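All residue numbers in this chain count up from 1 along the given sequence. Counting starts at 1 for both ligands and their atoms, in listed order. Here the structure is a predicted model, which means the values were calculated and not measured.
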Amino acid sequence: MAIEKQRIDTRLIHAGEPENRICGAVSLPVFQSSTFEYAGQTSYDDLKYIRMNNTPNHDVLHRKLAALENAEAALVTASGMAAISTTLLALFSPGDHILVQDCLYGGTQDFIVSDFVPLGFQFDFIDADDPASWEAKLKSNTRGVYVETISNPLLRVADLKSLADFAGANDLISMIDNTFATPVNFRPAEWGFDISLHSCTKYLNGHSDIVAGAVIGKQDLLKKITHKLIHLGGSLDPHACFLLHRGIKTLAVRIRHQNRSALTIAEHLWNHEATQTVNYPGLPDHPDQDRAKGMLEGFGGMVSFELKGGLTAAERFMQRVTIPIVAPSLGGVETLVTRPATTSHAGMSPAERQAAGITDSLIRLSVGIEDTQDLIDDFDQALNG
Ligand code: PLP
């Protein structure tokens, strides 16, 4: 069956695999060779060498990731931050100005403020939920716009369709961090985005055992980003490629379980007398619920909430839960719980966190694939006891 007709579950397993199985191996072996015999290549980028991102382990991932998001091309990188920083440095020149969403992952925001700007780039924050305000932020040197599909940790879903249209109308390169949604719940290229970015450390790999990233999107832009990555050196090691390849195959099974489980848990917490607020795009009182329903195929595995007892109650809850692991990061098979103020958003100043609505007592859950009722029972004993 032609790949274009296959659904994502089939593509996850078969897209991009080598046509001829190597020695009949069902799983692609790890090509742990830094260099390969010279075969007459005429350009530097085509030499077969791990840093050029072109071993068989890289190639299969590039083809598979592009197929998963219905995009033209893809590139894997040494981390999500390598994907993000290399993309920004490859696509823009000092003096260029970009628009960025005002509630980004803390590491991305810190990179833009502390590294990108001192190199001579300019940026302005936008409220990605307010299309009427974007035009006024445009400058003669504005070249790009950067958003996230589902914001971390408040789980807002911006007006992404209007944003991609606005970028197209104003000749801006549109970039979106699709880590939280994954290609199962949202495929940026289908909505008009030029570039989709991932921390594959999270859902794409799904097993909390590697750090990796990906850039997926237009062929001409990927060519520039690949060339920059070759110079900056943020390539993914073939063994990590192998683990990522293995993890990706179960993405749809994991994500559909996590979508269902997180919704059930969010509803339970929402009805619990100990909670003050629960943030989850699938809840009826979420400000973006209608938009999320129209754009996402699932609301994802992340939930954040505040307890009535504030910071003391949050710390008590985190000490009392027995199934979730108190740890930063997200997207693995095990449920993780964290306070973003001390982990993902610790790089922001208290004033920046306050402006973004991230309180010290906010708890963030990354729902794993454990039994949903076991998690709910564990949360209840932690809240009620
Ligand atoms: N993007 C998002 C939304 C993230 O949550 C993270 C990490 O938490 C990153 C990017 C950075 O990814 P990595 O840690 O793989 O560099």
Intermediate values then yes/no, salt bridge (charged side-chain N to carboxylate O under 4.0 Å, His left out), D96 and R143
CA-CA 6 Å; D96 286 353; R143 302 278 177 264; 3.8 Å; yes
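The protein atom (non-hydrogen) at minimum distance from atom 9 (C) of ligand 1 is Y105 CE2, 3.4 Å. Protein heavy atom closest to atom 8 (O) of ligand 1, with residue, atom name and distance, is K202 NZ, 2.8 Å. Scanning the protein heavy atoms around atom 15 (O) of ligand 1, the nearest turns out to be T201 OG1, 2.6 Å. Annotation: atom 3 (C) of ligand 1 to nearest protein heavy atom, D177 OD2, 3.4 Å. For atom 16 (O) of ligand 1, the closest heavy atom belonging to the protein is M81 N, 2.8 Å.
Contact analysis leaves H198 out of contact with ligand 1, as no non-hydrogen atom separation drops below 4.0 angstrom. Ligand 1 has at least one atom lying under 4.0 Å from a heavy atom of A212.
Looking at every heavy atom in both residues, V147 comes nearest to A128 through CG1-CB, 4.0 Å. Of all the heavy atoms in L155 and N279, the pair that sits closest is CD1-O, 3.1 Å.
Side-chain N/O atoms of W134 and N170 include no donor and acceptor closer than 3.5 Å. Under 3.5 Å, the side chains of H268 and Q373 contain no donor-acceptor pair of N or O atoms. Side-chain polar atoms of D378 and Q381 form a donor-acceptor pair below 3.5 angstrom.
Distances from atom 12 (O) of ligand 1 to the heavy atoms of S199, P328, G331 put S199 nearest.
For a threshold of 3.5 Å applied to N or O pairs, the pair formed by L330 and ligand 1 contains no separation below that value.
The part of I84 lying near ligand 1 is the side chain, judged by heavy-atom distances below 4.0 Å.
Here the CE-NZ distance, from M52 to K48, works out to 11.5 Å after rounding to the nearest 0.5 Å.
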